Trainee: 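Sending over a structure as structure tokens; questions will come in a sec.
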2 protein chains.
Amino acid sequence: MSTVTITDVAKRVGVSVATISRYLSGFTVRNEEKIREAIIELNYRPSAAARNLKSGRTGIVAIVVPDITNPFFASIVEGAEGAVGDDRMILLVNTGDSREREEKALSQLFGRVDGVIMAPLTEDEQGPSFFSQFGLPIVFVDRVTQDGEKFSSVLTDNVKGAQLATDYLIGHGHKKIAMISGPLSTTPGKRRADGYRAALKKANLGDQYFIESDFSEAGGYAAMCSLLERDDAPTAVFTANNLMTIGALHALGDRGISVPEQISIIGFDDLEFAELINPPLTVIARDARLQGSQAMELMIKHLNDGVHTPPEHSMVDVQLVERGSCGAPRESQKVRSNKIGR
Amino acid sequence: MSTVTITDVAKRVGVSVATISRYLSGFTVRNEEKIREAIIELNYRPSAAARNLKSGRTGIVAIVVPDITNPFFASIVEGAEGAVGDDRMILLVNTGDSREREEKALSQLFGRVDGVIMAPLTEDEQGPSFFSQFGLPIVFVDRVTQDGEKFSSVLTDNVKGAQLATDYLIGHGHKKIAMISGPLSTTPGKRRADGYRAALKKANLGDQYFIESDFSEAGGYAAMCSLLERDDAPTAVFTANNLMTIGALHALGDRGISVPEQISIIGFDDLEFAELINPPLTVIARDARLQGSQAMELMIKHLNDGVHTPPEHSMVDVQLVERGSCGAPRESQKVRSNKIGR
DNA sequence: AGGTTATCTGCAATCGTTCTCAGTAATGAT
DNA sequence: ATCATTACTGAGAACGATTGCAGATAACCT
């Protein structure tokens, strides 16, 4: 076990601890060669704890995400990892969509990390008041809290993405366009719903097929089921995230409803395997890794420039990736007959 | 900003810092009520750094994985998160399949964490020698290093899984059974290859269709391409992990080769969307979340019982999930004609 | 009352660094 | 040779908690 301290190294070389410390911090000192050797021979490793205590910094940046098994967040983490650099590490907190765990984690983070990159669970007011007393640099990614403008953020152009998707369905001639939405308490939930409604309005269509759900596969499944049970079922669906798209597809598969012949579907967020699905999935894509790396770069900037750097807001673009899951609408009779026949 | 220390609290209450410290550690002290109040009023938060320095523990467990965007590892992390408990946190390190980053991370981890749960990149000898001098409890998950028996581990029954898969293909009448294997330098790579070969041997078949690749989608794609280019192409393929399965499917899709009519495929590791693929994917599944939680439980045990608890080894079972990607072999002529026609 | 134990307390050392301050040696300019 | 400048050095005080020790108080026996 390595309980060898800076003092041991100093004794070995015959200088003071201050010199060793300076050497470690990159200053030029007289006996560099001997110090290097002594450190290797003694297998000395500086104590992170002692450094933290003195310097006040930990060299750790936290990333708080609601669900690490969602490929989108996994990619964010990957992007952040790539941008974190050599002298910092990442502390991952997965809150599992639990508000309680999010709060607990945040309070425990204090003192252990230099900054927090987070995708908060909701935009509720509780968040900001907590953050203002937090004292650490915060960068929001993908989602913000109510007064998110006060902190740096890297967001997606959700409104545009949802409009693109809805317009695309409208362009195919659909009139009955459903949206399986995420929680309106979240940034992407709200904004994507806004984009959807704006596009419908522009085309003089109503939003009677709007369903609020919860960004999970089960939620997408349930929402799709309830849409299919309607007397006047939609001919196209826009699902607000990847997991809900998968859930919706499972619901369709279970009922033997074929895509895009009987119903068209377009999802927000691309998936590694979107092309492999039958049919290949048309989606609104964005660069999650880029979002992660931008968030980390912003964080590093704040860390280096001091807390009082003004917040910066970055917006990542979206684009429509056309594959094969959307087509022209079918006459509603046909859809109904199929629905009965399930 | 909270620069309020234990001394401030002590002054406020009119006792010594020792008393506050004891109160914080759960001992019964006289003025509990007043202390509680003072802590809240002053918004005092104990300094993690100072605690670390004195006590030597950090309350953080590291998880080192090669690729967090692989759903399998994401699930491991999720499982570990669920089992970590209230007084510890998880530090995630994503090495991105880079040996260099793995080494660097490991050395930086020292002193910042109480233990390391890891899926090492390879079984090379470098690992163990490093770990023996590491002095921290280590739990291997999914993969081990050469002298892995010295440390606790949670592994999968890889041999059995590979045998199940290969036997299944043999049972369908296949004779030309390929394996797109992971690196033989890794635990799952080697063991799954062993299982495949054992099953072939039992059936008096040769392993001329064995290809070693790298557990990535691109690797699976390339391997599948090279198999298809052979004069005598295989009629069935066993891919050694989820990403390579996706890659292989992409390769087949690009060439218009249909599954399972023209070629059968079975993969190791289930996928959230395996049912949605055309055709639904038959796989060898295992409970990744369970592996993660077991690893964490083992770690907590080591942490609580002291370093000198003997290592424990746990093996998670596998099972074959039959869907629709395997069928009877086609005559080789047909396959060849299709190959020419691509 | 006196003695013993149990419970709580404060003092002060300690953990392993960083960093200010003052001091010494070496170099260059005059 | 003198002085100014530069380049490095060591002593020692922090940083904010934990904890062994010994003393004080209260509680319990006989």
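What you see is a predicted model, and the numbers here were worked out from it, not measured in a lab. Each chain gets a letter, A, B and so on, in the order its sequence line appears, and its residues count up from 1.
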Trainee: Check every strand shown and say whether A:S25 touches a base, only sugar-phosphate, or nothing at a heavy-atom separation below 4.0 Å.
Mentor: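 Nothing, no nucleic acid heavy atom in range.
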
Trainee: Tell me the interatomic distance from B:F27, atom CZ, to D:dT18, atom P, rounded to whole angstroms.
Mentor: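 Those two atoms, CZ and P, are 11 Å apart.
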
Trainee: Between A:I6 (CD1) and D:dG12 (C1'), how many Å, whole number?
Mentor: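 Between C1' of D:dG12 and CD1 of A:I6: 14 Å.
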
Trainee: Would you tell me if any nitrogen or oxygen in the side chain of A:Y44 comes within less than 4.0 Å of OP1 or OP2 on C:dT17?
Mentor: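 So the side-chain polar atoms of A:Y44 do come within 4.0 Å of the phosphate oxygens OP1 or OP2 of C:dT17, strictly under.
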
Trainee: Any side-chain N or O of A:T28 less than 4.0 Å from the OP1 or OP2 oxygen of D:dA7?
Mentor: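 Looking at the OP1 and OP2 atoms of D:dA7, neither is under 4.0 Å from any side-chain N or O of A:T28.
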
Trainee: For A:R57 and for B:A18, find the nucleotide of DNA chain C with the closest heavy atom, then tell me which residue's nucleotide is more 5'.
Mentor: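 Going by which nucleotide is closer to the 5' end, it is B:A18.
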
Trainee: What is the distance, to the nearest angstrom, from the NZ atom on B:K54 to the C1' atom on C:dT17?
Mentor: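 Going from NZ in B:K54 over to C1' in C:dT17 covers 15 Å.
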
Trainee: To the nearest angstrom, how far is A:K34 atom NZ from D:dT9 atom C1'?
Mentor: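 About 15 Å, once rounded to whole Å.
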
Trainee: Just so I know, are the side chains of A:P310 and A:E312 near enough to count as touching, which here means a heavy-atom distance under 4.5 Å?
Mentor: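 No, side chains not in contact.
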
Trainee: Could you give the CZ-to-P distance, from A:R22 to C:dT17, as a whole number of Å?
Mentor: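 Computing the A:R22:CZ to C:dT17:P distance gives 15 Å.
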
Trainee: Nearest to the side chain of A:S16 - D:dG16, C:dT17, D:dG10?
Mentor: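 Of D:dG16, C:dT17, D:dG10, D:dG10 is nearest to the side chain of A:S16.
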
Trainee: Between B:R99 and B:T122, is there a side-chain donor-acceptor contact under 3.5 Å, judged purely by atom types and distance?
Mentor: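 On atom types as modelled, these side chains qualify, holding a pair under 3.5 Å.
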
Trainee: Taking CZ from A:R30 and C1' from D:dA7, how many angstroms apart are they, rounded to a whole number?
Mentor: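 Those two atoms, CZ and C1', are 7 Å apart.
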
Trainee: Counting heavy atoms from C-beta on, name the nucleotide in D:dT18, C:dG16, C:dC11 closest to the side chain of A:S47.
Mentor: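 The answer is C:dG16, which lies nearest to the side chain.
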
Trainee: So what does A:T19 hit on the nucleic acid, given a heavy-atom distance under 4.0 Å: a base, only sugar-phosphate, or nothing?
Mentor: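 Touches sugar-phosphate only.
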
Trainee: Between B:D8 (CG) and D:dC15 (P), how many Å, whole number?
Mentor: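 After rounding, the reported distance stands at 11 Å.
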
Trainee: So, A:R112 versus A:T58: side-chain donor-acceptor pair below 3.5 Å or not?
Mentor: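 Their side chains do not contain a donor-acceptor pair, so the 3.5 Å distance test is not met.
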
Trainee: Less than 3.5 Å apart, any donor N or O on the side chain of B:S152 or B:H302 sitting next to an acceptor on the other?
Mentor: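 Checked: B:S152/B:H302 side chains pair up, N/O donor to acceptor below 3.5 Å.
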
Trainee: Between B:L53 (CG) and D:dT19 (C1'), how many Å, whole number?
Mentor: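 Going from CG in B:L53 over to C1' in D:dT19 covers 14 Å.
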
Trainee: If you draw a 6.0 Å radius around CZ in A:R289, do more than 12 non-hydrogen atoms from other residues or ligands fall strictly inside?
Mentor: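 It does not: A:R289 CZ has 12 such atoms or fewer within range.
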
